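Keep in mind that this is a model prediction, so the values were computed, not measured. For the single chain, residues carry numbers from 1 onward in sequence order.
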Amino acid sequence: MGTILDLLGAQFIGGMILLLALVLTDQGVRQFLNMNSDAIVQQNLTQVSDIMEKDFRKMGYAIDEAKRGDIVQVADSSKIRFLAQLNLDFDYYQSLHGNLHKDDIPDTIEYRVEPFHAYTLGDTTIQLYKLTRRVVVSQEGTEEMSVGNIANPAVFRYFDQDRNPTAVLQAIRIVEITLTAYEPEIMLSPEMVMESVNQGDKTFKRNELMRLLRPAYWRQTKLVSKNLKR
């Protein structure tokens, strides 16, 4: 009888150790995957920021002084369009377009933020946005592409020479770019997936959603255009 009890006790203890090991392994895997996903989002957002900074530093480049007031054509929180001479400098777009011809016709760069995809978790919806880049080079055609997905619809803010906010196109000298990214594919804890917990414990659900909605990366840059400060 004692032997049977010893065997049962050993099996119980072994089962508990195995269950604990599985739980710890599951938590470790989820944490690793979440951290890896965040790192990917951060890397992608850095690349988006680098592309935008290169474009914005060309704002007004080689545009005639008489057309200075027309450099910034559209400027709101989710869209900006401006002029620059892109094919005057061979090195600037050569990697994208090949050997460009040279001319003195102003080219156009445009960025716009558009709704992309919505993730629904119970009664909460996470909206992601697509950042689209459109470049029109004279006699070279139009290139439009999505440069990345972000979490904030308001990306651009504008300032005048004295660093005061402005909505006057001719007064814009500084553009502030703010980019935020979420990782909606993050792995939730098993409790979050259980319908009974979702419905019965609102505090727990709120905490889990706050964990999910944390910004994976946030980047803010103020770009002063030397070409606008002539």
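The shortest non-hydrogen separation linking S78 to P153 is CB-O, 3.5 Å. Nearest approach of V113 to Y129, heavy atoms of both residues: CG1-CB, 3.6 Å. The minimum heavy-atom distance between I105 and Q85, with the atom names listed, is O-OE1, 3.2 Å. The nearest pair of heavy atoms linking L45 to A181 is CD2-CB, 3.8 Å. The two residues R133 and Y111 come nearest to each other via the heavy atoms CD-OH, 3.2 Å. Minimum heavy-atom separation, F156 to F56: CE2-CZ, 3.7 Å.
Under the 3.5 Å distance criterion, the side-chain polar atoms of N149 are left unmatched by any main-chain donor or acceptor of L128. Remark: side-chain polar atoms of Y158 are paired, donor with acceptor, to backbone N or O of D76 under 3.5 angstrom.
Among residues two or more places apart in sequence or in another chain, the side-chain hydrogen bond (donor to acceptor under 3.5 Å, both in side chains) test is passed with Q47 by none. Scored by the side-chain hydrogen bond (donor to acceptor under 3.5 Å, both in side chains) test, S49 finds E53, R219 as partners (sequence neighbours excluded). Residues that satisfy the side-chain contact (heavy atoms from CB on, under 4.5 Å) test with A118, not counting sequence neighbours, are T125, Q127. Under the side-chain contact (heavy atoms from CB on, under 4.5 Å) criterion, Q170 pairs with V168, sequence neighbours left out. Not a single side-chain hydrogen bond (donor to acceptor under 3.5 Å, both in side chains) links S146 to another residue, sequence neighbours left out. Contacts of R81 classified as side-chain contact (heavy atoms from CB on, under 4.5 Å), with partners at least two apart in sequence or in another chain: Q73, V74, K79, T108, E110.
Pairs passing the salt bridge (charged side-chain N to carboxylate O under 4.0 Å, His left out) check and including a residue from residues 151-172, sequence neighbours excluded, read R157-E176.
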Problem set entry | Derivation and outcome, side chain to side chain contact (heavy atoms under 4.5 Å, CB included), residues R134 and T142 | CA-CA 7 Å; R134 183 174 183 266; T142 300; 3.8 Å; yes

For this session: Tell me, with the steps shown, if L83 and D107 meet side chain to side chain contact (heavy atoms under 4.5 Å, CB included).
Result: CA-CA 6 Å; L83 300 180; D107 308 305; over 6 Å; no

Problem set entry | Working for side chain to side chain contact (heavy atoms under 4.5 Å, CB included), residues T132 and E114 | CA-CA 8 Å; T132 299; E114 304 169 310; 3.2 Å; yes

For this session: Applying side chain to side chain contact (heavy atoms under 4.5 Å, CB included), run through M59 and V72 and close with a yes or a no.
Result: CA-CA 8 Å; M59 183 185 297; V72 182; 4.1 Å; yes

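At least one side-chain heavy atom of V135 sits less than 4.5 Å from a side-chain heavy atom of V137.
By the neighbour-count criterion of 12 heavy atoms within 6.0 Å, atom NZ of K67 is sparsely surrounded, having that number or fewer from other residues, nucleotides or ligands.
Here the CG atom belonging to N152 is positioned 7.0 Å from the OG1 atom belonging to T178, to the nearest 0.5 angstrom. Atom CD of residue E144 and atom CZ of residue R112 lie 4.0 Å apart, to the nearest 0.5 angstrom. With rounding to the nearest 0.5 Å, the separation of OG1 in T166 from CD1 in I174 is 11.0 Å. Going from atom CD1 of I80 over to atom CD1 of I109 covers 10.0 Å, rounded to the nearest 0.5 Å. Taken from CG in L131 to CE in M52, the straight-line distance is 5.0 Å, to the nearest 0.5 Å.
The hydrophobic cluster containing V136 does not contain V147, counting ILVMFWY residues as joined when their side-chain heavy atoms lie under 4.5 angstrom apart, directly or transitively.
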